[in-house]
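Shown next, in structure tokens, is the structure this report addresses.
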Amino acid sequence: MRDPRKLRKTALWLVLIMIASGIGIFAAYVKWGREQIAKQAEHARPGIVGRIDDKAEFGVVRQDASGAKISDLFGKVWVVCGVAVNQPESWETTREVLLRLNERYAGRDDFRIVCFTVDPEHEQPAVLARVAAELGVDLPKWWFAAAGQEYVHKFLKNKLKLEQMPHQVDGKWLYDSSVVLVDRDRHIRRAVVPQKRGGPPYVAAFNFAEARDWDGKGIKTGNDRSNVGQLEFLLIQTIDELLAQPVTP
């Protein structure tokens, strides 16, 4: 006959082992969860897709006919894009986003908006000044800039990593009107977006014309924002993070 006292003792030890195992599993789960959050935070940091060399200096003429240099922007956070102001429909969505950024960061002297004309031959400072006045924007916050056409086109494509070299078809300029974000240390940044259902995160280019097309096709974002709204949210989120960072010595 088994000893009841020994049976109770064995049962007690089994219960204690089960409790200890449960605590160990819970602790491991908490640790795993923290690691996943840390990884997600790491992925969510703005991605670096290039850098503007500090020797990549050239002069521009702005909308008030004043001269400036690219290096005047170094140490600031700036957004830059190509524009054809005589084709306002070609950068309509981008323009609306830039206007909201101009208002949001009106009090920041360390933030700039730069629009390079892809057609400097026909969009000289007087034309750029007219457009700036129509939009109600001015220096020093918002640059409309012109420089040598070939040099600007190569700068947009090769240095800023835009998808398309500006070119004309049937008298119309075709170009990538995406917004490029540059940080204080001249790094070109994009938002890194974790996928909700797992898988590697993807890097989002700030192509608002494409986002508008997605909205037109009824493509959903998975939240209550439109594709343009979601991309603008990511852009603002990234700008805010970069403005909070100091310049690397």
Side-chain angles (χ1 to χ4, degrees), residues 43 45-53 56 58 60 70 73 77-101 112-121 123 143-183 186-195 199-219 221 225-239 242:
H43 288 320
R45 292 177 182 174
I48 296 174
V49 296
R51 195 182 194 210
I52 299 174
D53 193 317
F58 65 95
V60 301
I70 293 300
L73 298 163
V77 174
W78 44 296
V79 293
V80 53
C81 65
V83 299
V85 299
N86 286 329
Q87 295 174 206
E89 72 286 352
S90 67
W91 65 299
E92 180 180 4
T93 309
T94 299
R95 182 172 63 248
E96 293 169 352
V97 172
L98 294 179
L99 284 167
R100 288 191 286 271
L101 294 181
R112 293 287 184 269
I113 296 171
V114 182
C115 294
F116 276 104
T117 172
V118 300
D119 187 15
E121 182 178 346
E123 297 181 356
W143 296 20
F144 279 99
Q149 179 171 298
E150 182 179 358
Y151 199 93
V152 167
H153 289 185
K154 289 182 178 179
F155 181 75
L156 293 172
K157 178 66 171 64
N158 300 333
K159 297 294 185 180
L160 298 186
K161 311 299 182 184
L162 293 178
E163 294 296 326
Q164 185 179 48
M165 183 77 80
H167 63 284
Q168 283 187 306
V169 175
D170 296 330
K172 290 286 187 179
W173 281 101
L174 299 181
Y175 63 99
D176 184 348
S177 63
S178 297
V179 172
V180 177
L181 177 58
V182 185
D183 70 14
R186 309 185 310 280
H187 293 111
I188 297 170
R189 299 287 197 139
R190 291 181 181 172
V192 177
V193 186
Q195 296 194 46
Y202 62 92
V203 177
F206 300 111
N207 188 334
F208 290 97
E210 183 178 59
R212 178 197 59 199
D213 291 342
W214 290 344
D215 287 330
K217 295 175 182 177
I219 298 174
T221 61
R225 300 187 188 96
S226 65
N227 286 283
V228 171
Q230 177 66 14
L231 198 58
E232 184 174 349
F233 171 81
L234 291 172
L235 176 58
I236 290 172
Q237 187 179 59
T238 310
I239 290 172
L242 296 181

NE2 (His187) and CZ (Arg51) are apart, to the nearest 0.5 Å, by 4.0 Å
Is it the case that the side chain of Glu123 and the backbone of Val85 share a donor-acceptor pair, with hydrogens and angles ignored and the cut-off at 3.5 Å? yes
Rounding to 0.5 Å, atoms CG (Leu231) and OG1 (Thr221) come to a distance of 11.0 Å
Between Pro166 and Trp173, the two heavy atoms sitting closest are C-CZ3, 3.9 Å
| said: Measuring only between side-chain heavy atoms, which start at C-beta, is Cys81 closer than 4.5 Å to Leu98? | reply: yes
Rounding to 0.5 Å, atoms OH (Tyr175) and CE (Met165) come to a distance of 16.0 Å
Would the Phe144 and Phe116 ring centres measure less than 6.0 Å apart?
no
Scanning both residues in full, the closest heavy-atom pair of His167 with Gln164 reads CE1-NE2, 3.4 Å
Tell me whether Glu89 at atom CD has more than 12 heavy atoms from other residues, nucleotides or ligands lying less than 6.0 Å away. yes
Quiz item: Does the side chain of Val114 reach to within under 4.5 Å of the side chain of Val60, using non-hydrogen atoms?
Solution: no
Quiz prompt | Arg190 NZ/CZ over Phe206 ring centroid, <6.0 Å and within 45° of normal | solution = no
| query | Backbone N or O of Ile219 within a donor-acceptor pair of the Asn227 side chain at under 3.5 Å? | reply | yes
Between the OG atom in Ser178 and the CG atom in Leu162, the distance rounded to the nearest 0.5 Å is 6.0 Å
Looking just at side-chain N and O atoms, do Thr117 and Asp119 make a donor-acceptor pair shorter than 3.5 Å? no
Between Asp183 and Trp78, the two heavy atoms sitting closest are O-NE1, 4.4 Å
The reported gap from NZ in Lys217 to CZ in Arg212 (rounded to nearest 0.5 angstrom) is 11.0 Å
When every non-hydrogen atom of Trp91 is compared with those of Cys115, the smallest separation belongs to CZ3-SG, 4.3 Å
| message | Just so I know, are the side chains of Leu156 and Val118 near enough to count as touching, which here means a heavy-atom distance under 4.5 Å? | response | yes
Margin query: When you compare the side chain of Lys172 with that of Val169, does any pair of heavy atoms fall below 4.5 Å?
Written below: no
In terms of heavy-atom contacts, Leu242 and Arg189 come closest through CD1-CG, 3.8 Å
Determine whether Ile188 and Leu181 make a side-chain contact, defined as any pair of heavy atoms from C-beta on separated by less than 4.5 Å. no
List the steps and the verdict of side-chain contact (heavy atoms from CB on, under 4.5 Å) for Val79 and Val180.
-> CA-CA 5 Å; Val79 293; Val180 177; over 6 Å; no
Glu163 atom CD, over 12 foreign heavy atoms within 6.0 Å: no
The reported gap from CD in Gln237 to CD in Glu232 (rounded to nearest 0.5 angstrom) is 12.5 Å
State whether the side chain of Arg95 and the backbone N or O of Pro88 hold a donor-acceptor pair below 3.5 Å, judged by distance alone. yes
Is the shortest heavy-atom distance from the side chain of Val179 to the side chain of Thr94 under 4.5 Å? yes
Of all heavy-atom pairs linking Gln230 and Arg225, the shortest is OE1-NH1, 2.9 Å
Kindly indicate whether the side chain of Leu73, heavy atoms from C-beta on, has any atom under 4.5 Å from the side chain of Val182. no
